[in-house]
Amino acid sequence: MNTDQKPHILLIDGMALLFRSFFATSAMGHYFPNAEGVPTNGVQGFVRHAMTAVSIFKPTHMAVCWDMGMHTFRNDLFDGYKANRPAPAPEMVPQFDMARELSEKIGWKNYGIAGMEADDLIGSLVCEWDGKAEVTIVTGDKDLLQLLRPDVKIAFMKKGYNVYDVYTEDRFREEYEISPMQFIDTKAFTGDSSDGYPGVKGIGPKTALKLIQQYGSVEGVIEALEELSAGTRKKIEADMPMLRLSRQLAEIHCKLDFDDPLEALNLPDFNSGLREELVEMGYTMIVRQMDSLFQTSI
């Protein structure tokens, strides 16, 4: 790597890839059980997706971030946080640990902290490497738009393993006419049905965006309540505590300290030893993908 060129770190939202891969094949009843009869559809899809992302974005370094259990600090703030999410399918349950273990075996750097979401780990890594590296985040989660900055891109999964909708800070500012950090304030008003917090009842994305474009922040809107239409003012006044709480829940926590040297995020070699291990473990689809992307089967 050219020494005056910034390293390029690929951050993978492990849970987003795992769930997406699981549902893509389970919908057709395909679980690809291994020799012990344990489903591997999510695991194999996650690894194939991550390997393909490496081949597309060509990072110099990489890390995979994971949720560790359902309970996080946001549940302490609000009982209803993610309470509406169904329990994972029984075929999915063993694949959480399998995916993390396989990711480590391959040699990718993995992060998971009890009480924190993958978003918070990704956010903290973005802040830690801010100015020192270019970062590409692979996810399906729009919440991460708040992390955009000059050296950060977000690649949203669209179709298959290789179609992405890539956002830069410039593209975001052009489309939304607010800063990425102000995206948190729009979510305070709209809430997030998938995360189970309501925001302000009756205020949708368009109104929320207009309010933040005009007044800058949740607090700016609250200070300007008298200027708002009677209907909007009434809705906000009725849900004021939830508005402020939703603002807290929507913000990604970026204060975790990892202090890992860049070498800890080095990309592994897809060598013949790894290939043999994967074959033995029955991960044939991963091996095929690895061979086609990185020509390892020599």
Are [X] and [Y] in one and the same hydrophobic cluster, where Ile, Leu, Val, Met, Phe, Trp and Tyr link if side-chain heavy atoms are under 4.5 Å apart?
X      : Y      : answer
Leu293 : Ile56  : yes
Ile137 : Phe172 : yes
Phe46  : Tyr161 : no
Val135 : Met181 : no
Phe57  : Val163 : no

Heavy-atom closest pair, residues [X] and [Y]:
X      : Y      : value
Gly42  : Ser21  : O-CB, 3.6 Å
His253 : Ser124 : O-OG, 3.4 Å
Leu121 : Cys65  : CB-SG, 3.9 Å
Trp66  : Ala118 : C-CB, 3.8 Å
Asp185 : Val218 : OD2-N, 2.9 Å
Asp269 : Leu274 : O-CD2, 4.5 Å

Do [X] and [Y] have side chains that approach each other closer than 4.5 Å (heavy atoms only, starting at C-beta)?
X      : Y      : result
Asp195 : Leu249 : no
Leu10  : His61  : no
Phe258 : Leu125 : yes
Leu245 : Gln248 : yes
Met51  : Ile286 : yes
Leu225 : Met240 : yes
Asp13  : Met157 : no
Asn41  : His30  : no

Next item on the list: Go through the steps to decide whether Val221 and Leu228 satisfy the test side-chain contact (heavy atoms from CB on, under 4.5 Å), and finish with yes or no.
Entry: CA-CA 9 Å; Val221 173; Leu228 305 181; 4.0 Å; yes
Next item on the list: Among Thr136, Val126, Ile154, find the residue that satisfies the side-chain contact (heavy atoms from CB on, under 4.5 Å) test when tested with Leu11.
Entry: Val126
Notebook entry, point to check: Given Tyr176, which of Ile212, Thr186, Leu145 fulfils the side-chain contact (heavy atoms from CB on, under 4.5 Å) condition?
Noted result: Leu145
How long is the span from the [atom1] atom in [X] to the [atom2] atom in [Y], to the nearest 0.5 Å?
X      : Y      : atom1 : atom2 : result
Phe32  : Thr284 : CZ    : OG1   : 9.0 Å
Leu147 : Ile184 : CG    : CD1   : 8.0 Å
Asp170 : Lys153 : CG    : NZ    : 10.0 Å
Met281 : Leu278 : CE    : CG    : 7.0 Å
Leu262 : Trp129 : CG    : CH2   : 4.5 Å
Lys105 : Leu102 : NZ    : CG    : 8.0 Å

Check: Are Lys109 and Tyr111 in a cation-pi contact, defined as NZ or CZ under 6.0 Å from the six-membered ring centre and within 45° of the axis?
Finding: yes
Under 3.5 Å, side chain of [X] to main-chain N/O of [Y], donor-acceptor pair present?
X      : Y      : answer
Arg171 : Val166 : yes
Asp119 : Ile252 : no
Thr52  : Arg48  : yes
Asn110 : Trp108 : yes
Gln146 : Ala250 : yes
Gln95  : Val43  : yes

Check: Looking just at side-chain N and O atoms, do Tyr167 and Glu175 make a donor-acceptor pair shorter than 3.5 Å?
Finding: yes
Margin query: Does Met68 form a side-chain contact (heavy atoms from CB on, under 4.5 Å) with Ile113? I'd like the steps, not just the answer.
Written below: CA-CA 6 Å; Met68 300 294 282; Ile113 296 177; 5.6 Å; no
Plane angle bin for [Y] and [X] - parallel if under 30°, tilted between 30 and 60°, otherwise perpendicular:
X      : Y      : result
Phe19  : Phe23  : parallel
Phe22  : Tyr31  : tilted
Phe270 : Phe294 : tilted

Next item on the list: Give the intermediate values and the outcome of side-chain contact (heavy atoms from CB on, under 4.5 Å) for residues Met62 and Ile9.
Entry: CA-CA 5 Å; Met62 174 175 164; Ile9 301 172; 5.9 Å; no
Margin query: For a side-chain contact (heavy atoms from CB on, under 4.5 Å) check, start with the C-alpha distance between Ile222 and Arg244, then their side-chain angles and the critical distance, and finish with the verdict.
Written below: CA-CA 10 Å; Ile222 291 169; Arg244 288 200 160 110; 3.6 Å; yes
Assess whether a salt bridge exists between [X] and [Y], defined as any Lys/Arg side-chain N lying under 4.0 Å from an Asp/Glu carboxylate O.
X      : Y      : answer
Glu169 : Arg173 : yes
Lys142 : Asp192 : no
Asp97  : Arg100 : yes
Asp120 : Arg74  : yes

Checklist line | Within 6.0 Å of CG in Asp76, more than 12 heavy atoms from elsewhere | finding: yes
